[in-house]
Amino acid sequence: MFLAAWESRSASELLRYNIENMPPGTSGTRSTAEHIDVVACLLWGGRYREGTKPSVTWVAGLTDSEAAPDGPAPRWESWSEAGAIEKSAKNRDGPTRSIAIYGDKLFMATYDAALVAVDARTGRQL
Amino acid sequence: MADYREGYTHTSGPIISAGVVLSGINGCERFKSGPRFNTGHDPETDQELWRTSTIVMPGDPNGRSWAGLPPELRGGGDTWIPGSFDADLGLFYIGVSQAKPWVAASQGMSPRDAAFYTNSTLAVDPRTGNMVWYFQHVPGETIDMEVGFERVLLDIDHEPLLFTIGKDGILWKPNRRTGGFVGLAPTLPQTMFAEVDDRVRRVTCRRDILDARIGDLISPCPGIYGETTGRRPPAVRRPGRWSFRCTACART
């Protein structure tokens, strides 16, 4: 029912809405990671039956919350913290717009002007 | 893809079409030693298959459109929004942003210098990077009204069309097979163009904007944030309706 109401709006819109408005009356009191969990629950609960939870779900388009909450897949903050993105790169903590999946590979951009391919199931850089 | 220490960054991200990872580059507010570009990569091997400049270089038939500027001073030409792909025509479409610095006079240029291929739609063969056609929306754009946002592919009455809308609020409609002009339409009031003419297939800036030199004051509408924005991409929310956000009046 929720997904039917949300229609074609993106997951990032849902996450942004949660961050800005939830919990009602006390927005701003939850961490981004908690909001990601809420969005993941909404999306998985509506779209997938029990036992078919995807190994990777990406919430794209926000500053620090682009990667899967599930398992070892990387988050943008961990990429930054791990030094995978050069610290002096322009817009280092800004958003990117698109990721692409090809077979079991996931391609994305980084702020140090790179194109990166990772294993979509593990997050391991290829 | 490029040296971030020169100011290059990559906020767009790729699409994958025809078995090729297709991507642009941005961060072109600063002058660069090399041209701005789109790339195609092999998704299996990470090999760069091609790299095609979005800025014409001296020697190209369109090279004189930069008023004789050397390549390293031909700023701008970012491709900061992911492109679109037509599987039937086998073409990759991507929008190119404006020349930079924004004000043509500050580059020793005039808005009458087209500055190819800024503010254009490029149609590219994804396998080779060859440009099949280009369509420049606002030649010599000079006040940051770029037309670099999404390219929306729609067929209307069996005609393959490409739609895009710039910060100036002008909606463009070329044929996506040929790049030929089909139509344009202003979507909101603006004061930067003296003429928006669907018959002559062009927009013409006000005379004072065309003639502005350094130190002159001009007062156009919309302002630098434009009437549309890349922060909220256009969407087809129901069949036959394409919606986009107008920031100037905060409505869709």
Side-chain angles (χ1 to χ4, degrees), chain A residues 3-17 20 58-64 66-67 74 76 79-80 83-120 124-126, chain B residues 1-30 32 34 36-48 51 78-85 94 149-150 230-239 241 243 245:
Chain A
L3 289 177
W6 193 254
E7 291 186 316
S8 60
R9 285 173 285 177
S10 68
S12 61
E13 281 184 89
L14 179 58
L15 181 55
R16 191 183 301 278
Y17 181 87
E20 293 175 352
W58 289 81
V59 182
L62 291 180
T63 302
D64 60 352
E66 307 237 354
W76 276 117
W79 274 68
S80 296
I85 299 174
E86 296 289 345
K87 290 185 176 178
S88 58
K90 179 183 172 66
N91 296 333
R92 177 170 172 260
D93 295 321
T96 61
R97 292 177 173 275
S98 179
I99 58 175
I101 292 177
Y102 184 81
D104 58 0
K105 299 183 182 69
L106 187 148
F107 294 84
M108 56 190 182
T110 59
Y111 312 121
D112 49 356
L115 190 62
V116 178
V118 300
D119 185 306
R124 183 177 58 86
Q125 185 174 334
L126 300 173
Chain B
M1 297 174 66
D3 189 345
Y4 70 91
R5 290 168 295 189
E6 283 198 69
Y8 282 110
T9 187
H10 194 181
T11 62
S12 165
I15 69 168
I16 300 178
S17 300
V20 179
V21 184
L22 304 166
S23 188
I25 197 77
N26 59 309
C28 304
E29 296 85 352
R30 285 164 49 184
K32 304 286 191 292
R36 272 60 64 206
F37 53 84
N38 297 312
T39 57
H41 284 80
D42 184 329
E44 303 293 356
T45 66
D46 85 357
Q47 178 188 6
E48 182 176 300
R51 176 174 294 218
D78 310 54
T79 43
W80 66 290
I81 303 285
S84 303
F85 179 67
I94 194 164
F149 300 131
E150 289 83 356
R231 292 186 182 277
R232 180 166 180 154
V236 179
R237 297 189 185 280
R238 67 184 73 170
R241 288 191 178 221
S243 66
R245 173 62 65 91

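By convention in this document, chain letters (A, B, ...) are assigned in the order of the sequence lines, proteins followed by strands, and residues within each chain are numbered from 1.
- Heavy atoms only, all atoms of each residue included: A/Ala114 and B/His10 are closest at O-ND1, 3.3 Å.
- Remark: B/Val20 pairs with B/Leu22, B/Leu49, B/Trp50 by the side-chain contact (heavy atoms from CB on, under 4.5 Å) rule, at least two apart or across chains.
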* Verdict with reasoning, B/Ile16 to A/Phe107, per side-chain contact (heavy atoms from CB on, under 4.5 Å) -> CA-CA 9 Å; B/Ile16 300 178; A/Phe107 294 84; 3.4 Å; yes
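- Evaluated for a side chain to side chain contact (heavy atoms under 4.5 Å, CB included) with A/Leu115, the options B/Asp46, B/Val21, B/Ile25 yield exactly one hit, B/Val21.
- Contact detail for B/Pro14 and A/Ala100: the closest heavy-atom pair is O-CB, 3.7 Å.
- Residue with the most contacts toward chain A among B/Pro43, B/Ala2, B/Ser23: B/Pro43 (heavy-atom pairs, distance under 4.5 Å).
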